[in-house]
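The basis for the numbers below is simple: all heavy atoms, side chains too, and nothing from hydrogens, waters or symmetry mates. Predicted model, so just to flag it, every value in this text is computed and none were measured.
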Amino acid sequence: MKQLIEFQEFRNSDALTFGLKVVNKIQQNQLKPVRIRVVYENDIIFQYMMDGKKDDKWLNKKQRTVLETKHSSLYVYEHQDEFQLDDSYAICGGGYPLIVNGELKGAFIVSGLRHDEDHQLIVDVLKEMEEER
């Protein structure tokens with residue numbers, strides 16, 4: 001199993017950095033608009049819906065999937081047979097655990113691209129942030 005990207009500490013400003021980096025990558029690569037959310041300790045500390053995006057249904061589903069399974073939503077997609085989930089969950093990529101010192105503290109969520117691209121965008125941005133620390 002792949003190692004999750006983990007933080008030693010996490011601040012609200014890190015959520016802003018994450019969101020801005022996602023928007024920058026979308027614009028640089030001329031990708032479709034997305035919805036972005038960062039949840040930390042049960043609070044939405046960052047959310048942005050790019051032009052043309054309106055509802056947060058998929059953000060809610062991906063958030064629920066990550067927080068209740070303690071896995072990325074792509075992991076749940078790849079291991080569907082292990083989970084008994086209903087349609088209030090997202091069985092697709094785009095939700096990623098926010099881990100601080102080995103503990104699940106929240107989630108990073110992106111929705112709007114193909115689900116595997118949503119996931120990869122999160123991972124790319126988190127790796128970039130990790131390299132900058």
Side-chain angles (χ1 to χ4, degrees):
M1 185 165 93
K2 294 179 186 172
Q3 185 66 30
L4 290 172
I5 297 166
E6 187 173 322
F7 291 82
Q8 296 303 312
E9 64 177 349
F10 192 83
R11 297 185 187 121
N12 290 13
S13 59
D14 295 320
L16 176 62
T17 298
F18 172 82
L20 293 175
K21 284 182 175 292
V22 169
V23 169
N24 189 41
K25 285 193 177 295
I26 292 291
Q27 292 171 339
Q28 282 180 340
N29 296 302
Q30 299 178 350
L31 301 172
K32 294 187 322 186
V34 297
R35 300 165 192 86
I36 307 161
R37 178 183 288 171
V38 179
V39 177
Y40 183 66
E41 295 187 333
N42 297 314
D43 286 322
I44 296 171
I45 59 171
F46 180 88
Q47 182 165 304
Y48 179 65
M49 294 186 198
M50 296 180 79
D51 291 342
K53 296 298 178 187
K54 294 184 180 173
D55 72 53
D56 61 357
K57 173 178 67 172
W58 281 103
L59 295 175
N60 295 335
K61 288 181 175 195
K62 290 178 181 189
Q63 177 181 329
R64 183 176 296 112
T65 302
V66 171
L67 296 180
E68 292 187 18
T69 67
K70 298 178 174 56
H71 291 285
S72 75
S73 58
L74 185 63
Y75 178 93
V76 174
Y77 172 79
E78 292 172 345
H79 298 87
Q80 292 179 48
D81 54 317
E82 295 176 26
F83 299 94
Q84 297 292 338
L85 303 175
D86 59 39
D87 67 357
S88 62
Y89 296 86
I91 312 302
C92 61
Y96 194 92
L98 194 170
I99 307 288
V100 180
N101 292 319
E103 194 175 333
L104 178 68
K105 291 289 191 173
F108 299 97
I109 304 117
V110 172
S111 182
L113 306 174
R114 281 192 351 243
H115 79 100
D116 57 326
E117 293 173 331
D118 287 341
H119 178 87
Q120 191 60 53
L121 182 58
I122 295 168
V123 170
D124 290 346
V125 168
L126 291 177
K127 283 182 180 176
E128 196 175 295
M129 290 175 68
E130 187 175 50
E131 290 169 5
E132 293 172 356
R133 283 188 262 152

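Asp86 contributes a side-chain N or O that, together with a main-chain N or O of Ser88, makes up a donor-acceptor pair within less than 3.5 Å. Glu6 places a side-chain N or O within donor-acceptor distance of the main-chain N or O of Gly102, the cut-off being under 3.5 Å. The closest donor-acceptor contact from the side chain of Gln80 to the backbone of Tyr77 lies under 3.5 Å. Checked by atom type and distance alone, the side chain of Ser72 never pairs as donor or acceptor with a backbone atom of Tyr96 at under 3.5 Å. Side chain of Glu68 to backbone of Thr65: no donor-acceptor contact under 3.5 angstrom is found. Between the Ser73 side chain and the Lys62 main chain, no donor and acceptor come within less than 3.5 Å of each other. Looking only at distances, no side-chain donor or acceptor of His119 sits under 3.5 Å from a matching main-chain atom of Gly93. Remark: side-chain polar atoms of Asn12 are not paired, donor with acceptor, to backbone N or O of Ile45 under 3.5 angstrom.
For Asp51, the CG atom is loosely surrounded, since the number of other residues' heavy atoms within 6.0 Å does not exceed 12. For Gln84, the CD atom is loosely surrounded, since the number of other residues' heavy atoms within 6.0 Å does not exceed 12. Counting heavy-atom neighbours within 6.0 Å of Asn29 CG, excluding the residue itself, gives a total above 12.
Taking hydrophobic clusters as Ile, Leu, Val, Met, Phe, Trp and Tyr residues chained together by side-chain heavy-atom distances below 4.5 Å, Trp58 does not share a cluster with Ile44.
To the nearest 0.5 Å, atom CD1 of residue Ile36 and atom CD of residue Gln47 are 9.5 Å apart. We find the CG-CZ distance between Leu98 and Phe10 to be 4.5 Å, quoted to the nearest 0.5 Å. The CD atom of Gln120 lies 9.5 Å from the CD atom of Glu117; values are rounded to the nearest 0.5 Å. We find the CZ-CZ distance between Arg133 and Phe7 to be 4.5 Å, quoted to the nearest 0.5 Å. With rounding to the nearest 0.5 Å, the separation of CD1 in Ile26 from NZ in Lys21 is 14.5 Å. Expressed to the nearest 0.5 Å, how far CD of Glu131 lies from CG of Leu126 amounts to 11.5 Å.
Pairing each heavy atom of Ser111 with each of Leu59, the nearest pair is CB-CD2, 4.2 Å. In this structure, Gln63 and Ile109 approach most closely via the heavy-atom pair CB-CD1, 3.8 Å. A pairwise comparison of heavy atoms in Val34 and Gly112 identifies CG1-CA, 4.1 Å as the closest pair. Contact between Leu104 and Pro97 at its shortest, heavy atoms only, is CD1-CB, 3.6 Å. Nearest heavy-atom pair, Arg64 versus Tyr89, reported as atom, atom and distance to 0.1 Å: CG-CE2, 3.4 Å. Considering all non-hydrogen atoms of both residues, Phe83 and His79 come closest at CD1-O, 3.4 Å.
The shortest side-chain heavy-atom distance between Phe46 and Phe18 does not fall under the 4.5 Å cut-off. Side-chain atoms of Ile99 and Lys105, non-hydrogen and from C-beta on, never get closer than 4.5 Å to each other. Side-chain contact between Gln8 and Val100: absent, with no pair of heavy atoms (C-beta onward) separated by less than 4.5 Å. Counting heavy atoms from C-beta on, the side chains of Arg35 and Tyr48 never come closer than 4.5 Å.
Ionic pairing of Arg11 and Glu9 is present here: one or more N-O contacts between side-chain nitrogen and carboxylate oxygen are shorter than 4.0 angstrom. Between Asp55 and Lys57, none of the side-chain N atoms (NZ, or NE/NH1/NH2) sits under 4.0 Å from a carboxylate O, so this pair counts as no salt bridge. Ion pair Lys25/Asp124 not flagged as a salt bridge, since none of the NZ, NE, NH1 or NH2 atoms sits closer than 4.0 Å to an Asp/Glu carboxylate oxygen. Here Lys61 does not pair with Asp87 in a salt bridge; the nearest charged N to carboxylate O distance is not below 4.0 Å.
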Test salt bridge (charged side-chain N to carboxylate O under 4.0 Å, His left out) applied to Asp56 and Arg37, step by step: CA-CA 9 Å; Asp56 61 357; Arg37 178 183 288 171; 3.1 Å; yes

